[in-house]
Amino acid sequence: GMIKRFRAGNAIALIDTGHDFMVTSVRELTPGHIFTTAEAGLVRYSDDDGKTWQDRSAGIEYGVAANAVVLAEDEVAFTLQKGDRVLLYRGAPSSGNWRKIAEFPLVFATWTGLPGAQPELFHHQGTLVLTLPSRKLAVISLADESSELRDPPGSIAMAKLSADGVLRCS
């Protein structure tokens with residue numbers, strides 16, 4: 001997959017990640033350190049601004065890896081959609097050491113769900129929030145990796161987390 005990078009004052013740069021799968025998320029951890037997720041459970045890491053890539057997929061199940069969020073300088077969380085489940089992984093891109101910290105049903109809510117809605121992952125002050133197509137929210141504490149499914153009223157098609165930690169759903 002190819003990544004297009006735009007930096008103010010520079011031309012758009014095309015970065016080849018060294019595979020043909022669709023890239024689903026890209027995060028720059030620190031300058032020059034890039035983490036990507038892709039189809040087929042593929043996760044890749046570059047520590048030289050995308051010139052070379054290391055495969056960090058060992059231990060990741062086959063599915064669509066997506067929704068990467070940066071937790072710390074060398075720590076990310078991301079989702080993996082596999083059949084009727086969404087798995088949540090956490091770890092260090094530089095080493096490729098991953099832990100599956102949660103798993104949730106990936107089901108469509110017939111009366112209140114919205115076709116095509118995909119899980120979205122957000123991070124705010126030590127908490128992850130995962131929206132699910134079943135119109136549920138999973139709230140995960142990074143301190144002890146405990147999770148709770150919440151059932152808000154209505155449907156969730158899109159969500160946005162503001163800087164002050166307010167999750168807005170529509």
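Numbering of residues begins at 1 and proceeds along the displayed sequence.
Looking at Ser46 and Phe35, their side chains never come closer than 4.5 Å, going by heavy atoms from C-beta outward. Thr36 places none of its side-chain heavy atoms less than 4.5 Å from the side chain of Ser25. Side-chain contact check for Phe104 versus Lys136: every heavy-atom pair is 4.5 Å or farther apart.
Note: Glu120 CD to Leu132 CG = 10.5 Å, rounded to the nearest 0.5 Å. Separating the CD1 atom in Ile15 from the CG atom in Asp49 is a distance of 6.0 Å, to the nearest 0.5 Å. How far OH of Tyr62 is from CG of Leu80: 10.5 Å, rounded to the nearest 0.5 Å. Summarising the geometry, atom CG belonging to Leu88 is positioned 4.0 Å from atom CD1 belonging to Ile101; distances are rounded to the nearest 0.5 Å. Atom NE2 of residue His19 and atom CG of residue Leu42 lie 4.5 Å apart, to the nearest 0.5 angstrom. Ile34 contributes atom CD1, which lies 10.0 Å from atom CG of Asp47 (distance to the nearest 0.5 angstrom).
Contact between Leu130 and Pro119 at its shortest, heavy atoms only, is CD1-CB, 3.9 Å. Between Ile60 and Gly41, the closest heavy-atom pair is CG2-O, 3.6 Å.
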Worksheet item: For Leu29 and Glu73, what are the C-alpha separation, side-chain angles and deciding distance, and is it a side-chain contact (heavy atoms from CB on, under 4.5 Å)?
Response: CA-CA 6 Å; Leu29 306 170; Glu73 188 173 295; 5.9 Å; no

Practice prompt. Apply the test side-chain contact (heavy atoms from CB on, under 4.5 Å) to residues Glu61 and Lys100: give CA-CA distance (whole Å), side-chain angles for both, the deciding distance (0.1 Å), then the verdict.
Written response: CA-CA 10 Å; Glu61 294 187 40; Lys100 182 170 67 170; 3.8 Å; yes

Practice prompt. Could you please spell out the steps behind the side-chain contact (heavy atoms from CB on, under 4.5 Å) verdict for Val69 and Leu71?
Written response: CA-CA 6 Å; Val69 295; Leu71 305 177; 4.1 Å; yes

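Under the 4.5 Å side-chain heavy-atom criterion for Ile, Leu, Val, Met, Phe, Trp and Tyr, Val70 and Val43 are members of the same hydrophobic cluster. In terms of hydrophobic clustering, with Ile, Leu, Val, Met, Phe, Trp and Tyr side chains grouped at heavy-atom distances under 4.5 Å, Trp98 and Val64 are assigned to different clusters.
For Glu148, the CD atom sits in a packed shell: over 12 heavy atoms of surrounding residues, nucleotides or ligands are nearer than 6.0 Å.
Judged by distance alone, with hydrogens and angles left aside, the side-chain atoms of Thr79 form a donor-acceptor pair with the main-chain N or O of Ala66 at under 3.5 Å. For Arg5 (side chain) and Ala13 (main-chain N/O), no donor-acceptor pair under 3.5 Å exists by modelled atom type. Side chain of Asp20 to backbone of Gly1: no donor-acceptor contact under 3.5 angstrom is found. For the pair Thr37 (side chain) and Ala68 (backbone), a donor-acceptor distance under 3.5 Å is absent. With Arg44 contributing its side chain and Thr17 its backbone, the two residues share a donor-acceptor pair below 3.5 Å. No donor-acceptor pair under 3.5 Å is formed between the side chain of Gln81 and the backbone N or O of Arg85. Of the possible donor and acceptor atoms, one in the side chain of Glu39 sits under 3.5 Å from a partner among the backbone N and O of Met22.
Asp74 and Ser94 share a side-chain donor-acceptor pair at under 3.5 Å.
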Please table the atom pairs, donor to acceptor, closer than 3.5 Å between any side-chain atom in residues 121-128 and protein atoms at least two apart or in another chain.
none

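Ring centroid separation for the pair Tyr89 and Phe78 comes in under the 6.0 Å cut-off.
Every residue two or more places apart in sequence or in another chain that forms a side chain to side chain donor-acceptor pair (under 3.5 Å) with Arg90 is listed here: Glu75, Glu145. Applying the side chain to side chain donor-acceptor pair (under 3.5 Å) rule to Thr52 yields the partners Asp48; only residues at least two apart in sequence or on another chain are considered.
A salt bridge is absent between Glu103 and Lys82: the closest approach of a Lys/Arg side-chain nitrogen to an acidic carboxylate oxygen does not fall below 4.0 angstrom.
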